[in-house]
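Heads up: numbering here begins at 1 and tracks the sequence.
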Amino acid sequence: MSLLEEVVLDLERHSAQEGWDSAPRLYALVRSTELRRAEPELADQLGLPPDADTLAALEQPALPEKAGVEDALAAIAWPDTVEGCALVIERVVLPPEAEEEIPEGEAEAAEYAANHPGREDVRMIVGVLRDGARHSALRLRRHDADDEVLAGPDLVPALAEALAATFDPDEPGAQH
């Protein structure tokens, strides 16, 4: 199992313990060796063994509530010491046949989705690294069990793309 897969699954288990109906959470993924070198006290607080070479997930400040997550991600630029990032987010998914009946207004659409009998609550954990590696985990509220978690590199491609774009230089030719 890769370091990215491990950290995504750790974040999934941690989120499952906290329960449902949580705000989106963004994490910077930093090599534990780099974290220990730069912030030894923080590494000790996190319980990172001195010789561990893992990815530490450092929770970032809350994403803005009113702005869409995608808009918030578009404004993020990571320092070079951040090797990757991960997002934990819950969404309501409707069956394809329900899409034609979604009202135009945002409030009406949210109410429609919340009350739709075919709705499915999904928690998604998506992680990406600077080198392009990706991994995701999905848990359905209706199948809220550890052995029912789906995992793989391409489960939420649009969200993975948005996270990967946080590592793109803002200007052509700019260096990371």
Audit row: Glu161, Arg134, side-chain contact (heavy atoms from CB on, under 4.5 Å) steps and yes/no: CA-CA 9 Å; Glu161 283 296 321; Arg134 298 170 181 206; 2.8 Å; yes

Testing the basics here: between [X] and [Y], what is the closest heavy-atom pair and its distance to 0.1 Å?
X	Y	value
Pro153	Ser136	O-OG, 4.2 Å
Arg25	Glu59	CD-OE2, 3.1 Å
Ser32	Leu48	CB-CD1, 3.8 Å
Val149	Ala137	CG1-CB, 4.0 Å
Pro79	Arg130	O-NH2, 2.7 Å
Leu73	Ala162	CD1-CB, 3.9 Å

Pair Arg139 + Glu90, salt bridge at N-O below 4.0 Å: no

SB check Asp121 Arg142 (cutoff 4.0 Å): no

Greater than 12 external heavy atoms within 6.0 Å of Asp154's CG: no

Heavy-atom neighbours of Glu111 CD exceed 12 at 6.0 Å: no

Arg141 vs Asp144, salt bridge (charged side-chain N to carboxylate O under 4.0 Å, His left out): CA-CA, chis, key distance, verdict: CA-CA 5 Å; Arg141 189 185 294 236; Asp144 195 359; over 6 Å; no

Do [X] and [Y] come within less than 4.5 Å of each other through their side chains, counting heavy atoms only?
X	Y	result
Thr33	Arg36	no
Thr81	Arg31	no
Arg123	Ser15	yes
Ile89	Leu63	no
Thr166	Cys85	yes

Spacing of [atom1] belonging to [X] relative to [atom2] belonging to [Y], to within rounding of 0.5 Å:
X	Y	atom1	atom2	value
Leu35	Leu29	CG	CG	11.5 Å
Glu6	Leu11	CD	CG	12.0 Å
Leu159	Arg91	CG	CZ	8.0 Å
Glu83	Glu34	CD	CD	9.5 Å

Set of residues satisfying side-chain hydrogen bond (donor to acceptor under 3.5 Å, both in side chains) with respect to Glu70, sequence neighbours excluded: none

Joint cluster assignment, [X] & [Y], ILVMFWY side-chain distance < 4.5 Å:
X	Y	value
Leu155	Leu140	yes
Met124	Leu9	no
Phe167	Leu55	no
Val156	Leu163	yes
Val126	Trp78	yes

Steps toward side-chain contact (heavy atoms from CB on, under 4.5 Å) verdict (Thr54, Val7): CA-CA 8 Å; Thr54 63; Val7 76; over 6 Å; no

side-chain contact (heavy atoms from CB on, under 4.5 Å) evaluation trace for Leu3 with Leu129: CA-CA 10 Å; Leu3 295 179; Leu129 297 180; over 6 Å; no

Glu5 side chain vs Ser2 backbone, donor-acceptor pair below 3.5 Å: yes

Exam field: side chain Glu41 to backbone Glu39, donor-acceptor pair closer than 3.5 Å: no

Trace of the side-chain contact (heavy atoms from CB on, under 4.5 Å) decision for Leu46 with Leu58: CA-CA 9 Å; Leu46 294 173; Leu58 306 176; 3.6 Å; yes

